[in-house]
Amino acid sequence: MNSDPFDFSDVGPAPKATPPAQQAPWLSGLNPAQREAVERLDGPVLVLAGAGTGKTRVLTTRIAHMIATGKAHPGEVLAVTFTNKAAREMRERVERLLGRPAAGMALGTFHSISARWLREHAELVGLKSSFTILDTDDQIRLLKQLIKAADIDEKRWPARMLAGLIDRWKNKALTPDRVPQGEGFNFADGRGLELYAQYQARLKVLNACDFGDLLLHMITIFQHHGDILTRYQNRYRRLLVDEYQDTNVAQYLWLRLLAQRPDDQPRNICCVGDDDQSIYGWRGAEVGNILRFESDFPGAHIVRLEQNYRSTGHILGAASSLIAANSGRLGKTLWTDAGSGDKITICGVWDALEEARTVGDRVEALQRSGHSLAEMAVLVRAGFQTREFEERMITLGIPYRVVGGPRFYERAEIRDALAYLRVLVQPDDDLAFERILNVPKRGLGPAAMQAINRLARLEDIPMSRAAAMLTDSEELRPQARRSLALFLEDFRRWREDLDHLDHPTLTEQILEDSGYIEMWQKDKSPDAEGRLDNLREMVSAMRDFDTLPGFLEHISLVMENQEASGVEKLSIMTLHAAKGLEFDTVFLPGWEEGVFPNQRAIDEGGLESLEEERRLAYVGLTRAKKRAIILFAANRQIFGQWQSSLPSRFIEDLDAKHVDTLNAQGLYSGQEGSMASGAWGGFQAMTPNRPVGRVGHAPAIVMRAEGTAHNPIGAVAAPSASANQGATSPSKAGWSAAACRKPKPPALPKETGCFTTNSAMARSCQWMATSWWSCLNIPEKNA
DNA sequence: AACGGAGACCTTTTT
DNA sequence: GGTCTCCGTT
């Protein structure tokens, strides 16, 4: 919150004298490895911390230790995490250990810390301190404009693609002048770089930057202004980095610059990470950073944390056997002295509907036997998979929350409201201006927008100024001109109010005066009420901030879905979002080829991304303390098309001695009647509640393949179609769907499914014979 | 200018 | 199946 990084006024009294180390209460209960990681304060340290080995504890205790013993002043500590949640948690734990606030400590994400610093030095990169942080949405809109202006076909070269390209460059700390000519990236026949440069120039005019710029600008400043770098180096003598395996090149450079010390002084940098949990390669993370640590920081000490305190033996064993299939690991051997516990469960189901039903039933059963919903989680590969579970939980009345779902500030109404505020504090913000010019509708459509844009470009001025000029000209139709004048007049008035109204009140007034509230009140779609609620929530959240700019900064970096009630809820989230969390029970649905591992990862990234998928699976399994249930469905709808699917290869990686196949009771039940006939025997034979002996008849599958059967898959589609009828509309975006939803005839199988395509068929049959069998053939336990 | 229907995309994962 | 964009109609 404090914007001056060199302001020591809030750091409190100097720490007390050093107590004898052996009496330090915070050290008790640490195992020897943990203790070393905490106490070795001088020189570079790399802590290789396996899943559940007390990584956060080590990190927080280390900070508390150095402060409490007087080895470091809180103001010298710079601790970086990847998520705001991790940062928050870490601060809380440090302060709990210390028994007092650790004021002055820089603890936050790479991005939030950079943003704070950049506000100090914005002018050095051509920005004003009041710069706006654009989110992806703004970024795309801006790029779209540039692409259009460059006369490039938007269809062939979508803005998203360019955004991804620029992002990758920024992740590698490549400013436009540094992108190598031969860089293999192609966009619009080699015009990508040109557009990148234009984009950066445009950002400067808008007084804005994107996420990547936050780091990149700081790196540029550090590299060009040695005096500033030295100030930061001298201030932050204690660097700590969480999740080091996830750092990208830019973050790595950022850290290296800060960790640089004169030769006679130790580089007190402590990085904590786990190469087996590196799951952000797609976003530019370089596992190489962690693998290279020793050579980067000569004299580095490496501490391995291998005792796992989280999971029971079978879970750990299964996870270890899975990750062992990867190559190029630093290698750790996790162990636990907790009991072996339950084996992990693998459960095959017919389709996604049954998958959700199975999970729901299990959740209810656990709940009945006294388990808390807060200790259960459903972890999916990709965001879209959450829907089936949401719908099921709604039907069952099980409270749930989708963690890391659409962010609060990404909702349209919040973005609209924010756009008003952005224009208010920074009239140059064209993106915000454009967004609200005709929201709510005030007769300023495309024609007016175009006129403003043309003039703005011609005169090289912000749109708000161009708009003001247009109210004095004959260019717009009288009606539009009047409307525009009123719009600008509103802003003039609101700016006057800035001085004598507190910002939540002013915001309310703006939303009221502008007709924005009214717009939603008149809206008859079912979620209009929710949007008004969100706006109210936003206004009340503003009260926590002293200033409007402070709030805007916060919301663009941090704002998350806030948990209103204290009701215990089942967590549903992606595997990525689950990193760092733990639950007694973890459900892992969708373990099918194409879903997990993800098809794109298989197609594009080669072995490397396949291994990343496997690490993701490893992360998923190791979230479980006591129970892990893996599910896979034989059929799944993808893009509205039914596809047959095969169990994930990761299932096969699991050491059988840690695995149980589900008590197959009720597997496919309820649908059996409709599916009993036809050429469908092969699949049916595989239901584990059939005699195991029949399972092995591979020919049955071939039969099915040749059966060109509309029958079997028609039967699949039926239940799902009827489910659509009854399903409560999901929380988001359900408006028109709810109204026009009608029963549809069962979808026909897609001809290119793996049973009709030659190569796919061959492959699938092989899979059937090997992997699917082997996992279902495991002797059943408890019938 | 506003609305509604048809058609093309689409799905990783996120600060 | 969903969402977004374009284009036609009022």
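A note on names: the letters A, B, ... follow the listed sequences, proteins ahead of strands, and every chain is numbered from 1. Quick caveat: nothing in here was measured; it's all calculated off a predicted structure.
Residue A:S112 places no side-chain N or O under 4.0 Å from the OP1 or OP2 atom of B:dT15.
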Determine all donor-acceptor pairs shorter than 3.5 Å in which one atom belongs to a side chain in residues 283-290 of chain A; sequence neighbours excluded.
residue, atom, partner, partner atom, Å
A:N289, OD1, A:R292, NH2, 3.1
A:N289, ND2, A:T247, O, 3.0
A:N289, ND2, A:T247, OG1, 3.0

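Rounded to an integer number of Å, the gap from CH2 of A:W642 to P of C:dG1 is 11 Å. The NZ atom of A:K579 sits 16 Å away from the P atom of B:dT13 (whole-angstrom rounding). Counting to the nearest Å, the P atom of B:dC10 and the CZ atom of A:F384 are 14 Å from each other. Following rounding to the nearest Å, A:R387 (CZ) and C:dG1 (C1') show an atom-to-atom distance of 7 Å. Here the C1' atom of nucleotide B:dT15 and the CD1 atom of A:I166 are 17 Å apart, to the nearest Å. As a whole-Å value, the separation of A:L444 CG from B:dA2 C1' is 15 Å. The CG-C1' distance, from A:L214 to B:dT14, rounds to 14 Å in whole Å. Between A:H576 atom NE2 and B:dT14 atom P there is a gap of 7 Å when expressed in whole angstrom units.
When distances are taken from the side chain of A:K144 to each of C:dT5, B:dT15, B:dT14, the shortest belongs to C:dT5. When each of B:dT11, C:dG2, B:dT15 is scored by its nearest atom to the side-chain atoms of A:R283, the top-ranked nucleotide is B:dT15. Among the nucleotides C:dG2, B:dT15, B:dT13, the one closest to the side chain of A:W282 is B:dT13. Of all nucleotides listed (C:dG2, B:dA2, B:dT13), B:dA2 comes nearest to the side chain of A:N438. In this structure, the nucleotide among B:dT13, B:dT14, B:dT15 sitting nearest to the side chain of A:T109 is B:dT15. Distances from the side chain of A:F211 to the nucleotides B:dT13, C:dG2, B:dT15 place B:dT15 closest.
For the pair A:K441 and A:S609, nearest-nucleotide mapping onto DNA chain B gives the more 5' position to A:K441. DNA chain B is contacted by both A:T574 and A:R477; A:R477 maps to the nucleotide lying nearer its 5′ end (nearest heavy atom per residue).
When side chains are defined from C-beta on, A:K579 does not count as touching A:M573, because their heavy atoms never get closer than 4.5 Å.
Here the two rings, on A:Y280 and A:W282, have centers that are under 6.0 Å apart.
One P atom belongs to B:dT13, the other to C:dC4, and the distance between them is 15 Å to the nearest Å.
In this structure, A:M161 CE and A:I147 CD1 are separated by 10.0 Å, a value rounded to the nearest 0.5 Å.
A search for salt bridge (charged side-chain N to carboxylate O under 4.0 Å, His left out) contacts involving A:E355 returns A:R636, not counting sequence neighbours.
Backbone-only engagement by A:G443 is indicated by non-hydrogen atom pairs under 4.0 Å involving sugar-phosphate atoms exclusively.
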